[in-house]
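The chains referred to below are lettered A, B, ... by the order of the sequence lines, with proteins before strands, and numbering in each begins at 1.
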Amino acid sequence: MNIPHLLSIIVFTPVVGIIVLLFVDGKKHKFIRWFSAIITLIVLILSFFVFKQFNFSESGVQLVEKGMWIPQFNIKYFLGVDGLSLPLFFLTALLSFLACVGSFGIKERVKEYFILYLLLVTGMLGVFVALDMVIFYIFWEVVLVPMYFLIGIWGGPKREYAAIKFFLYTLFGSVVMLLGILALYFTSNPHTFDMMEIIAQRATFTRNFQIIVWLAMFIGFAIKVPIFPFHTWLPDAHVEAPTPISVLLAGILLKMGGYGFLRLSFPMLPEASKYFATFFAILGFINIVYGALVAMAQKDLKKLIAYSSVSHMGYVLLGFASMTQMGYIGGVLQMFNHGIITGALFLLVGVIYDRAHTRDIYAFGGLGKTMPVYFGIMTFSCFASLGLPGLAGFVSEFLCLIGAFSVFKVIVIASASGMIITAAYFLWTLQRMFMGSENERWKDLPDMSGRELFTLIPLMILMLLIGVYPKIIVQVMKPTLNYLVGLMY
Amino acid sequence: MNPVLPVLIFALPVLSFGITVLIGRYFPLKGASVGILGLVVSFILSCVVFYQLQVDPTRTIDLSVTWLDFGEYTIDLGILIDRFAAVMLVVVTLVSLCVHIYSLGYMKGDRRFTTYYAYLSLFTMSMLGIVISNNLFQLFVFWELVGVSSYLLIGFWFERKPAAMAGMKAFVVCRIGDFGFLIGILSLFVATGTFSFGALFGLSQAGAISSAVLVVGALGIFFGAVGKSAQLPLYVWLPDAMEGPTPVSALIHAATMVAAGVYLVARTLPIFSTVPQIMEVVAWVGGLTALFSATIAVAQVDIKRILAYSTISQLGYMMLACGVGAGASAIFHLSTHAFFKALLFLGAGSVIHSLHTNDIREMGGLFSNMKTTATVFIIGALSLAGFPPFSGFFSKDEIMVSVLESGHVWLYWIVVFTAFLTAFYIFRLIFIAFFGEQSERSKHAEESPKVMTVPMVVLAVLSVVAGWIAIPGVGPGFAEIGGFELHHLHINWSAMGTSFLVVLMGIGVAWAIYSRRFVESRSIYNTFKPISKLLENKWYVDEIYNFFIVQPVIFFSRLLFAFDMVIVDGAVNLAGWLGVRLSKFEGEFDLAVVDGAVNGTAWTARTFGRAVRRIQTGLIQEYVIVASVAILALIIIGYYLM
């Protein structure tokens with residue numbers, strides 16, 4: 001059975017939830033929590049139906065919904081998924097549900113929190129299925145607003161600074177990106193915001209035009225990824241954001257940048273992309289090694305993981321810059337894997353922060369004996385993150401390196417040294433937090449609760465599954481990414 | 001041969017691992033039974049595979065399945081079971097089984113007993129994975145997995161800080177090697193489109209791969225081996241790894257995992273042999289490692305550390321053998337070493353278990369109270385020293401002959417001198433720990449339980465007889481058994497005589513100093529004080545690394561973080577601050593001109609309020625407006641220009 005308008009239904013299900021929540025008494029915390037969790041669960045279940053209706057051997061966009069929205073400007077309501085967006089769309093649905101369950105610990109202004117949360121979910125889902133640039137831009141901005149409030153109201157001590165920094169920084173980026181979008185609109189003939197049509201017209205864009213537009217979009221996406229030196233909003237936002245929001249920030253929001261490169265910049269502006277490829281790969285190297293080194297210097301666990309995200313996203317850049325099949329697949333897979341692995345790591349930071357009310361790595365020590373289950377899951381996730389074979393991160397990092405090695409030998413060799421630093425800072429963290437003699441101060445901390453395990457176990461299963469049998473997800477993305485690589489030549 | 005057999009050998013430990021981790025505590029012996037049972041079957045199957053291939057070498061299996069398909073390229077998983085792999089399967093499963101059983105006694109009562117057995121299964125599975133791989137990619141995967149099981153087991157007693165630090169050090173130092181390994185794999189793959197041993201050997205022998213790629217590939221692979229097999233300059237993790245439980249040291253850090261580097265180089269020797277300059281590197285690194293670590297072993301007092309430096313030294317022998325192209329000798333020595341070094345470690349474990357100390361000076365006269373342990377330990381020591389007819393004698397002799405015949409005279413004499421040191425340091429240990437006056441601790445020493453002594457006796461028997469296959473007329477020679485290219489079997493009497501002589505000298509000197517005390521060891525120490533200090537402190541290599549590598553990296557990372565905060569983020573904040581100034585200025589301008597005639601009393605409060613409000617709420621809207629206007633202007637300009 002095929003559900004018509006499935007994508008629209010999924011994207012706007014949270015909005016229905018918001019409308020219902022508006023009429024609910026704000027004091028009914030339990031209802032609001034469970035209701036929101038059910039809404040995101042429905043989103044997750046429906047996203048499985050997308051897989052069911054999706055033809056894995058086709059490279060083009062599917063489950064298309066297309067209609068004229070504002071005919072005067074040729075703006076369309078155009079949604080669809082392909083092998084590039086589907087993994088990220090699914091990741092969004094999954095993390096939204098898990099982080100929603102993870103949000104049950106929110107005690108203040110519960111109703112507002114979940115309303116904003118659901119709005120955020122709609123925005124994120126929309127970004128990955130919008131195929132008209134105006135709709136894309138709208139969803140892109142819809143993500144920004146609830147994020148600003150979620151950090152600014154429910155965040156840590158410096159939340160206002162972090163929130164406004166996040167907002168202004170990314171807004172600045174998206175405004176510049178909008179400039180690029182408008183330039184594409186005015187240059188295309190007939191004027192259109194339809195991504196597919198613009199890709200079809202890519203040969204008509206002059207090289208200089210491509211370079212200018214590429215740079216404009218680059219700023220928008222680079223801030224989101226984030227690419228050095230546009231990354232400093234990230235540690236601040238992460239440190240202040242409440243746990244579930246950190247999960248979405250790292251798990252989904254960063255992916256919007258990488259997705260933007262592969263959805264817009266690269267296929268629409270192939271000349272410019274090739275022109276900047278080496279530059280892009282060098283940035284990848286800087287992200288990997290710089291991010292890892294700065295992560296090593298951190299004392300705050302959350303900041304450490306934030307910088308490790310900067311490092312891991314470097315592999316995505318490296319993979320994309322290679323413009324090879326393996327590099328593209330590696331890059332998109334790395335985005336997906338980073339979402340589940342870093343999502344899990346942020347959830348784990350939340351676990352200890354809820355108990356100890358500190359994230360200072362040096363304040364712990366000897367936790368391994370007190371919280372063995374927590375220790376085990378943390379070790380598992382850290383090893384996934386440092387690229388242990390058999391777990392997800394290794395597959396994608398390996399593919400990125402191999403794809404890029406055929407093009408940028410020296411850059412790849414330099415980047416691969418990041419694997420040593422990454423191992424060092426993760427193991428050093430485990431040693432400082434968990435090993436050594438038991439710490440009197442923490443010896444009464446309870447081990448993980450059922451709800452916490454519930455949010456982490458699915459992510460661990462995915463890490464193992466993708467690590468052992470990556471085909472399960474690679475087959476989804478392969479035809480589309482092959483096609484996108486083909487567009488580059 | 002039926003491919004189910006080797007797959008099952010590998011799959012059983014995988015299964016044991018899964019069961020032990022999830023529900024191990026509900027099984028007999030707190031989960032140990034699962035691992036042991038699986039391993040017994042794996043061992044029997046390994047013997048079957050070994051036997052079948054001895055009878056009919058053509059029954060070699062080389063099978064692949066596609067793991068990831070990229071059209072142009074594929075990444076495959078597969079198994080390669082030839083006589084070489086079969087030897088390794090038997091050695092690994094046998095030593096692992098001995099250690100599994102021995103640990104029942106050694107780890108009895110440990111609070112994480114079940115976890116310990118789960119880790120052992122994880123290790124065994126990964127090690128078998130290395131052995132059966134038919135391609136570099138899969139080998140790398142399991143290569144990293146043995147690394148992680150090693151990390152987990154070294155740091156098994158993580159409450160003790162040295163153990164925790166040692167685990168971390170082991171993993172990170174090995175990762176330095178793995179970085180090189182990865183680069184080697186990448187360069188070979190990108191040049192040839194395959195990871196498979198068969199294809200890579202064929203292409204490299206046929207001259208189809210450029211020499212630059214081969215150099216990078218071989219050097220990279222060797223770099224990985226240097227890390228795992230604890231060669232110069234990456235050996236520093238292995239002595240520290242002795243913080244792990246002693247049976248683990250026997251299995252992982254003596255018999256199997258550390259030998260994986262040698263296995264890797266021996267396996268990929270067809271690639272190495274096309275780049276003679278890299279072969280020279282391998283030979284010299286091996287030879288120098290053998291000598292260097294033997295000198296350190298001479299001056300140590302921790303029983304496990306002596307054995308650890310000895311292991312490094314012996315691995316150097318094997319690497320040297322690879323470097324002169326004698327893969328068969330390397331693997332022969334790997335196998336005999338696996339038996340006698342595992343035996344020595346289990347013996348040491350038996351002593352530690354009884355005395356609760358690692359310091360040989362606190363032992364002494366142990367023989368009378370621990371007769372079985374002492375006897376098997378001496379057998380292991382004779383084998384290590386290379387005393388005929390113990391197994392180490394035959395395998396070491398083959399290496400010596402290979403080195404001599406390859407024309408490396410310098411390396412030959414290094415090996416000979418190392419053989420002297422080896423005999424000396426191990427008998428120094430024996431005379432101090434097992435003979436002479438009984439120490440306070442030794443008086444209360446008790447022999448370990450049967451569950452520990454029986455595995456030792458099994459290994460002791462093997463340490464004696466395993467070498468006999470090399471005696472002409474008795475056995476077929478190791479090259480035949482391992483399926484190596486046969487180099488003509490002959491005995492080099494002068495080399496054999498030299499080696500026997502230096503072994504006797506080594507034992508004799510140790511006897512003279514530590515048993516008969518003709519010379520007081522203290523006075524030797526004082527006479528050569530600078531050298532003694534240097535050796536006692538392990539040439540200060542750890543200190544040098546810490547000062548020149550570890551601390552600078554940590555300092556550099558803090559420096560970069562400061563740069564990130566002050567410069568990169570500073571620029572962002574500066575931009576933000578300028579924005580705020582701008583809006584404030586606008587706010588003041590607004591006040592002065594428009595609200596100029598406002599009542600004086602209210603003025604101060606209102607100025608303050610407005611200025612603040614401007615910053616807090618007005619900023620975003622204003623920014624959007626400014627940005628939008630700017631964009632509109634740009635669009636209009638751009639539109640007219642294009």
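- Only the side chain of A/D236 comes within contact range of chain B, judged by heavy atoms closer than 4.5 Å.
- The part of B/Y151 that comes within reach of chain A is its side chain, from C-beta onward, which places non-hydrogen atoms under 4.5 angstrom from that chain.
- Both the backbone and the side chain of B/D69 come within less than 4.5 Å of a heavy atom of chain A.
- Looking only at side-chain heavy atoms (C-beta outward), A/S59 and A/L481 stay at 4.5 Å or farther from each other.
- Proximity to chain A (any heavy atom under 4.5 Å) is restricted, for B/V572, to the side chain, taken from C-beta onward.
- Heavy-atom pairs under 4.5 Å with chain A were tallied for B/L77, B/I567, B/L152, B/V172; the largest tally goes to B/V172.
- In this structure, chain A has no heavy atom under 4.5 Å from any part of B/T66.
- Between the side chains of B/W67 and B/D76, not a single donor N or O lies within less than 3.5 Å of an accepting N or O.
- Heavy-atom distances place the backbone of A/F434, and not its side chain, under 4.5 Å from chain B.
- Between chain A and the options B/I554, B/N573, B/D178, B/V553, heavy-atom pairs under 4.5 Å are most frequent for B/N573.
- A 4.5 Å side-chain heavy-atom check between A/T187 and A/F209 finds at least one atom pair inside the cut-off.
- Heavy atoms closer than 4.5 Å to chain B are found in the side chain of A/K478, but not in its backbone.
- Interface remark: B/I75 contributes side-chain atoms only to the contact with chain A (heavy atom separation under 4.5 Å).
- A/T206 and A/N208 share no side-chain donor-acceptor pair at under 3.5 Å.
- Only the side chain of B/R111 comes within contact range of chain A, judged by heavy atoms closer than 4.5 Å.
- Between B/F123 and B/S150 the shortest side-chain heavy-atom distance does not fall below 4.5 Å.
- For chain A, the nearby parts of B/I176 are the backbone and the side chain; heavy atoms of each come within less than 4.5 Å.
- Contact of A/L399 with chain B is made through the side chain alone, with heavy-atom distances under 4.5 Å.
- Ranked by heavy-atom pairs under 4.5 Å with chain A, the first of B/F158, B/F563, B/F556, B/W157 is B/F158.
- The shortest side-chain heavy-atom distance between B/K169 and B/I154 does not fall under the 4.5 Å cut-off.
- With a 4.5 Å cut-off on non-hydrogen atoms, B/V173 does not touch chain A at all.
- The cationic group of B/R112 lies under 6.0 Å from the six-membered ring centre of B/F156 and within 45° of the ring axis, placing it in a cation-pi geometry.
- Residue A/F375 touches chain B through its side chain alone, counting heavy-atom pairs closer than 4.5 Å.
- You'll find the side chain of B/F140 reaches within 4.5 Å of the side chain of B/F181, heavy atoms only.
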Please list every donor-acceptor pair under 3.5 Å in which a side-chain atom of residues 287-295 of chain A meets a protein atom from a residue at least two apart or in another chain.
{"from": "A/N287", "atom 1": "OD1", "to": "A/F228", "atom 2": "N", "distance (Å)": "2.9"}
{"from": "A/N287", "atom 1": "ND2", "to": "A/P226", "atom 2": "O", "distance (Å)": "3.1"}
{"from": "A/N287", "atom 1": "ND2", "to": "A/V310", "atom 2": "O", "distance (Å)": "3.1"}
{"from": "A/Y290", "atom 1": "OH", "to": "B/D564", "atom 2": "OD1", "distance (Å)": "2.5"}

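- Taking B/L559, B/V190, B/I185, B/T115 one by one and counting their heavy-atom pairs under 4.5 Å with chain A, the maximum is reached by B/V190.
- Using modelled atom types and a 3.5 Å distance limit, the side chains of B/D569 and A/T232 yield a donor-acceptor pair.
- For B/F70, the parts sitting under 4.5 Å from any heavy atom of chain A are the backbone and the side chain alike.
- Using a 4.5 Å cut-off between heavy atoms, A/Q475 makes no contact with chain B at all.
- Taking the six-membered ring wherever Trp is involved, the centroid distance between the rings of A/F398 and B/F137 falls below 6.0 Å.
- Using a 4.5 Å cut-off between heavy atoms, A/Y161 touches chain B through its side chain atoms alone.
- In terms of heavy-atom pairs under 4.5 Å with chain A, the best-connected choice from B/R558, B/E144, B/E159, B/K161 is B/E159.
- Of the atoms belonging to B/L182, it is side-chain heavy atoms, and not backbone ones, that fall under 4.5 Å from chain A.
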Which atom pairs, donor and acceptor, lie under 3.5 Å between side-chain atoms of residues 400-420 of chain A and protein residues at least two apart or in another chain?
{"from": "A/S406", "atom 1": "OG", "to": "A/G403", "atom 2": "O", "distance (Å)": "2.9"}
{"from": "A/S415", "atom 1": "OG", "to": "A/I411", "atom 2": "O", "distance (Å)": "2.7"}
{"from": "A/S417", "atom 1": "OG", "to": "A/A414", "atom 2": "O", "distance (Å)": "2.5"}

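- B/F142 is not listed as a side-chain neighbour of B/M127, based on a closest heavy-atom distance of 4.5 Å or more.
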